[in-house]
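We use all heavy atoms of the structure for the numbers below, so side chains are in, but hydrogens, waters and symmetry mates are not.
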Amino acid sequence: MSSKSTPMIKQYLSIKEQYPDAILFYRMGDFYEMFFEDAKTASRILEITLTSRNKNHGKPIPMCGVPHRAVQSYIARLIRQGYKVAICDQVEDPAQAKGLVRREVVRVITPGMIIENEFLDARANNYVLAVTRIGDVMGLAYLDISTGTFRLAESEDRDAIADEVLRVSPSEILLPESVRSDTFFSAMITAVSEKAVTFIADRRFGYGEGRERLTDQFQTLSLEGFGCETLRAGVGAAGVLLYYVGETQKQKISHISGIETYALTDYLCVDDMSCRNLELMENLRNGTRQGTLLEVLDQTVTAMGGRRFRHWLRYPLLAAPEIEARLDAVEEALGNPGHTGTLREALKSVYDLERLGSRIVMGHAGARDLIALKRSLATLPAVMETVSLFGNRLFAWREDTAPLSGLAEQIENAIREDAPPTISEGGIIREGYSAELDELIKISKDGKGWLARLEAEEKEATGISSLKVRYNKVFGYYIEVPRTHSEKIPAHYVRKQTLVNAERYITDELKAFESKVLGAEDRRAALEYEIFNQVRAEVRTHNGAIQSAAKFLAGLDCLLSLAHIAEQNNYCRPEIRTDGQLIIEDGRHPVIEKMITAERFVPNTVRMDARENQILIITGPNMAGKSTVLRQVALLTVMAQMGGFVPARAAAVSLTDRIFTRVGALDNLSQGQSTFMVEMQETANILNNATPDSLVILDEIGRGTSTFDGLSIAWAVAEYLHDLRGKGVKTLFATHYHELTELAREKPRVRNYNIAVREYNDEIIFLRKLVEGGTNRSYGIQVARLAGIPGRVIDRARMILGRVEREHQNLRTISHAEDDSIAEPQSVQMGLFCHPEAVLSDSLKKLDITRITPLEAINYLNELQEKIKFH
Ligand code: ADP
Ligand code: MG
């Protein structure tokens, strides 16, 4: 390479220095080039060829490039992998540049700072989140720049903040530099591991700087109006987000016009693990939406509604009046199926107003965005009209959309329906909108006619019938006359070119025409761009109203969706109470009832309260339906508190502050979380954080360890929950330890239930009915038979069971033991070793079913069989 490249690489390096953690896209002509390490990384991820510069002189510099026209898709791939991309453009015209063209980073795109639709999931928010700590208080804020959604919260409870970070599930996290090696923060980062983490200087997290940034952004004197004036840590975190917006977007973003302050205690908290266990938004199997509560419930028809619905589902309410307001609206919609249908149909033609608005404000919107906006706005009057036909419940949700009434028309008048995606090449503005533009359009259009007319006139005037008016790129417009007529040429013709048989001339008139026509195309494109910007600027002034309309439509969409699903699936309106009662009459599991096709879903009734039926111990064989009942109760609570109807004949739900779930090792084996340690950590979390207003779901805890350990732990946990803060907490406890049913004799608020099965000819029939009372049989052998274990093995197992049960008689006395000693059974276990069956049962007990394959299981059974043959 020539020595000329040196200043360029120098320029590159000085820019790159400012963006060490981003991949720098350096514009050179029609390409964005990457160099050094960036080139190596990008070529690997983008699967593009890595070449090098400076091959012959000194050390070669790795490089790769992508064409600027296709840059979006390359950026998208890097962002998805968690990288940041700094776009460095030429900021002066290369033709005018003296020496090296000036270049600047015009924008940094990061996983949490995206406005392009093609990089975003339309139905989910994309958040960048910041956390900080001031004294004992943790502050957290998160922002979606594609919609302007901006929220802030504080808490002294670190675990609650950690939970909240997981609930927000941000694409990117900003943290103070000083917490790099802080254990709490590193644990938090690990929990959201794939996400990008950016460390920012501590001073940026300060309250003073944050407050200044926020008030400046919102154009207010204080933050009183947003309820966060005194929330120092929260404001610090929010301020950093605005700082980061400035650093990455290189412009002020006016659509971030306010911030919502909330308290973590304003919402029903379902921690991340419980959210997974209950499959609220992602299934346990492969992390998709399939088979989740979200999939069943979310019938919204707009992107904004979809995003809002996720929020409602993840943030169920804790205030009865708010819940009732939603329920009222849902009920009203249900009562007017005709209007509801009309409205849902109308909403289908509403585009993503929130994101359109943001793109318009940030100057990234094209003509097609304005058309989408126009079409959406055009449906507004009809939507408002229909909303007003309902009673006043749904109408209470409306926003004033009047300021937008003229806007659709304004866009309609200006922007052509068939406008192209680019805004620099014309074809955008309608005729009739600007006289000046019309004139230019007319010129280019009329050019042909004018030339034909000129040709006819000149033929007539000169009497040369073979005279032609033509155009070529080199000479422009000219009049061509065969040489034979040279003597007839008028004096004002100026000779331009001589050919073999003809002469070419121009005239003043033609010259004037030429400059008009040739300039017209360029001028037209420039003028259209100018007018488009004016229209866009005009629309921008309405953005506040657009965002309010979007908010209204999103909420409306959610309410109508809740009504639609209630109608489709025959849900009932839950009664919201505060007396601790939780009554579900003939309730169904909203997801499973849709999934099972062969079998009819059997409804079940669950009644819980704070006085007598607080802890329900549910026993029953494997596959009976224990987990289903448990989850059903939790899901219905979530649904009721999000303001929706529930799958039951009748339901009363007392406001629940937190839902905890602990699902036994075997049940989420696929997640590789079967270790006993994890199970105990989660149980510890429940015991430490549950309140008398919580709902606890324990599904077979203690399964990950030996029988007696497991039973002892389960027993002690149940007792603890019963005695929690002298009040106890509503708990559903599914267990295969029948011994636990003895607890009901000792603790006043414990009740035994089981899921009924009937034996028929040595087979079991699952009745799926929850009935009072405990069971003392697990039907494991019958279930094993159902699973296809060979008859010989089953018969043998049955025989062994008989003997083992006799041996175990004294084990059943455990709960009657005078001193409550849970260690005692250990000696029983030891005593069993002298019998062959004991060998068998002990081997079986030691077996960790979570860790063996079906084939290993068969082999093991075979081995056991061989063993007892010798006895
Ligand atoms: P357990 O936890 O007792 O082993 P599950 O709750 O996992 O049992 O239920 C096993 C299967 O039984 C479920 O996947 C579902 O297909 C079916 N099932 C459970 N409850 C019902 C019900 N009430 N009505 C119909 N089918 C049910
Ligand atoms: Mg289960």
**Prompt:** To the nearest 0.5 Å, what is the distance between CH2 (Trp312) and OH (Tyr267)?
**Reply:** 11.5 Å
**Request:** For Ser694 and Thr691, test the side chains for any donor-to-acceptor distance below 3.5 angstrom and give the result as yes or no.
**Result:** yes
**Fill in**
Output for pair (Met138 CE, Arg158 CZ), nearest 0.5 Å, gives 6.5 Å
**Message:** If we ignore hydrogens and angles and just use 3.5 Å, is the side chain of Thr656 paired with the main-chain N or O of Ser654 as donor and acceptor?
**Reply:** yes
**Message:** For Val771 versus Ala756, what's the shortest heavy-atom pair and its separation?
**Reply:** CG2-CB, 4.2 Å
**Request:** Would you check, one step at a time, whether the test side chain to side chain contact (heavy atoms under 4.5 Å, CB included) holds for Leu294 with Glu282?
**Result:** CA-CA 8 Å; Leu294 179 68; Glu282 291 174 3; over 6 Å; no
**Request:** Search all heavy atoms of Ala640 against all heavy atoms of Pro574 and return the closest pair with its distance.
**Result:** CB-CG, 3.7 Å
**Asked** Are Leu313 and Met642 side-chain neighbours, meaning at least one heavy-atom pair lies under 4.5 Å?
**Response** yes
**Request:** Supply the atom-to-atom distance Phe645 CZ to Leu297 CG, rounded to the nearest 0.5 angstrom.
**Result:** 13.0 Å
**Request:** Check Leu582, Leu721, Thr637, Leu616 against Lys730 for a side-chain contact (heavy atoms from CB on, under 4.5 Å) and give me the one that passes.
**Result:** Leu582
**Request:** Of all the heavy-atom pairs spanning Leu687 and Leu724, show the shortest one and how long it is.
**Result:** O-CD1, 4.1 Å
**Message:** To the closest 0.5 Å, what do you measure between CZ (Phe733) and CD (Glu700)?
**Reply:** 9.5 Å
**Prompt:** Between Lys747 (side chain) and Glu719 (backbone), is there a donor-acceptor pair under 3.5 Å?
**Reply:** no
**Prompt:** Is it true that Arg611 and Asp609 make a salt bridge, defined as a side-chain N closer than 4.0 Å to a carboxylate O?
**Reply:** no
**Message:** Closer than 3.5 angstrom, by distance alone: can the side chain of Asn754 be matched with the main-chain N or O of Thr619 as a donor-acceptor pair?
**Reply:** no
**Prompt:** Can you name the nearest heavy-atom pair linking Leu278 to Ala634, along with the distance?
**Reply:** CD2-CB, 3.7 Å
**Request:** Kindly determine whether Leu317 and Arg326 satisfy side chain to side chain contact (heavy atoms under 4.5 Å, CB included), including the steps that lead there.
**Result:** CA-CA 10 Å; Leu317 302 168; Arg326 286 188 193 170; 3.5 Å; yes
**Message:** Tell me whether Glu324 is salt-bridged to Arg573, with the criterion being a basic N under 4.0 Å from an acidic carboxylate O.
**Reply:** yes
**Message:** Counting C-beta onward and ignoring hydrogens, is there a side-chain heavy-atom pair between Asn277 and Asp699 closer than 4.5 Å?
**Reply:** no
**Prompt:** Do any N or O atoms from the side chain of Gln290 and from the backbone of Gly287 form a donor-acceptor pair under 3.5 angstrom?
**Reply:** no
**Fill in**
What one should report as the nearest heavy-atom pair of Thr661 and Ser274 is N-OG, 2.9 Å
**Arg631 side chain reached by Val663 side chain, heavy atoms, under 4.5 Å** = yes
**Message:** Go through it in stages, so that I can follow the logic: the residues are Thr735 and Ile701, the test is side chain to side chain contact (heavy atoms under 4.5 Å, CB included), and I'd like the CA-CA distance, side-chain angles, deciding distance and then a yes or no.
**Reply:** CA-CA 7 Å; Thr735 183; Ile701 71 159; over 6 Å; no
**Message:** Under 3.5 Å, is there a donor on one side chain and an acceptor on the other for Gln614 and His722?
**Reply:** no
**Item:** Separation of Asn689 CG from Asp163 CG (nearest 0.5 Å)
**Value:** 8.0 Å
**Beyond-backbone contact of Thr628 with Phe601, side-chain heavy atoms, under 4.5 angstrom** = yes
**Message:** Donor-acceptor check, side chain of Gln641 to backbone of Ile323, threshold 3.5 angstrom: yes or no?
**Reply:** no
**Request:** Go through the steps for Met608 and Leu732 under the test side chain to side chain contact (heavy atoms under 4.5 Å, CB included), then give the verdict.
**Result:** CA-CA 9 Å; Met608 301 179 82; Leu732 288 164; 3.9 Å; yes
**Request:** Report yes or no: is the cationic atom of Arg151 (NZ for Lys, CZ for Arg) closer than 6.0 Å to the six-membered ring centre of Tyr315, at no more than 45° off its axis?
**Result:** yes
**Request:** Take atom CG of Asp136 as the centre, draw a 6.0 Å sphere, and report whether it contains more than 12 heavy atoms from other residues, nucleotides or ligands.
**Result:** no
**Prompt:** Quick one: does Arg658's side chain have a donor or acceptor within less than 3.5 Å of a partner on Asp271's backbone?
**Reply:** no
**Item:** Distance (rounded to the nearest 0.5 Å) between Arg310 CZ and Arg289 CZ
**Value:** 7.0 Å
**Message:** Treating Glu295 as the side-chain partner and Gly291 as the backbone partner, does any N or O pair qualify as donor plus acceptor under 3.5 Å?
**Reply:** yes
**Message:** Is any side-chain heavy atom of Pro590 closer than 4.5 Å to one of Leu293?
**Reply:** yes
**Complete:** Minimal heavy-atom distance between Leu264 and Arg167, with the atoms involved, is O-NH2, 4.5 Å
**Prompt:** Does the distance from a Lys or Arg side-chain N to an Asp or Glu carboxylate O, for Glu585 and Arg649, drop under 4.0 Å?
**Reply:** yes
**Request:** Verify, without hydrogens or angle tests, whether Gln632 (side chain) and His589 (backbone) share a donor-acceptor contact under 3.5 angstrom.
**Result:** yes
**Request:** For the pair Arg314 (side chain) and Val270 (backbone), establish whether a donor and an acceptor sit closer than 3.5 Å, ignoring hydrogens and angles.
**Result:** yes
**More than 12 heavy atoms of other groups within 6.0 Å of Arg798 CZ** = yes
**Message:** Taking the side chain as everything from C-beta on, heavy atoms only, tell me whether Leu318 gets closer than 4.5 Å to Thr265.
**Reply:** no
**Asked** Is a side-chain N or O of Asn752 found less than 3.5 angstrom from the main chain of Thr741, in a donor-acceptor match?
**Response** yes
**Asked** So, Thr288 versus Asn286: side-chain donor-acceptor pair below 3.5 Å or not?
**Response** yes
